[in-house]
Amino acid sequence: MELADRAVGFLLSVISLSIFTYYTFWVIILPFVDGDHFVHKYFLPQEYAILIPVCAGVAVLCFLCIFIGFVMLKSKKKAA
């Protein structure tokens, strides 16, 4: 089981590092590259650089609020 945990941890680290590198290059470096350069075809338009994290944050916040609500309802039923 320890080897499986290490493999999952390594995989999550690689995925997180690749997403961070892609996003950093997209947001920080790409605006300084000419618009007709071939590298632009590998990235979405700049508007999505803000839209995607905001939508993900709203989704996480909604999920967290729903989870806290269910936990509060469960604990209220146990107390009664």
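Throughout, numbering of the chain's residues begins at 1 and tracks the sequence. Side-chain atoms are counted along with the backbone in the values below, which use heavy atoms only and exclude waters and symmetry mates. Quantities reported herein were computed from a predicted structural model and do not represent experimental measurements.
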Can you list the other members of the hydrophobic cluster that holds I52, where links are side-chain heavy atoms under 4.5 angstrom apart?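 Grouped by the 4.5 Å side-chain rule, Y22, Y23, F25, W26, V27, I28, I29, L30, V33, F38, V39, Y42, F43, L44, Y48, L51 form the rest of the cluster around I52.
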Co-members of the apolar cluster containing I66 [side chain, <4.5 Å]: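 So far as hydrophobic clustering goes, I66 is joined with F70.
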For L64, is the CG atom crowded, meaning more than 12 foreign heavy atoms sit under 6.0 Å from it?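 It does: L64 CG has more than 12 such atoms within range.
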Given 3.5 Å as the limit, does a donor-acceptor pair link the side chain of S16 with the main chain of S13, or not?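 No, the answer is negative, given that no donor and acceptor are paired below the 3.5 Å cut-off.
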Joint hydrophobic cluster, V71 plus F63, side-chain heavy atoms closer than 4.5 Å: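 V71 and F63: separate clusters.
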At what distance, to the nearest 0.5 angstrom, does OG1 of T24 lie from CD1 of I19?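 Going from the OG1 atom of T24 to the CD1 atom of I19 covers 11.5 Å.
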Would you give the length of the straight line joining atom NZ of K77 to atom CE of M72, rounded to the nearest 0.5 angstrom?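 Result: 13.5 Å between the selected atoms.
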Using side-chain contact (heavy atoms from CB on, under 4.5 Å) as the criterion, point out the one residue from L12, L11, D5 that pairs with V8.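 The option that passes is L12.
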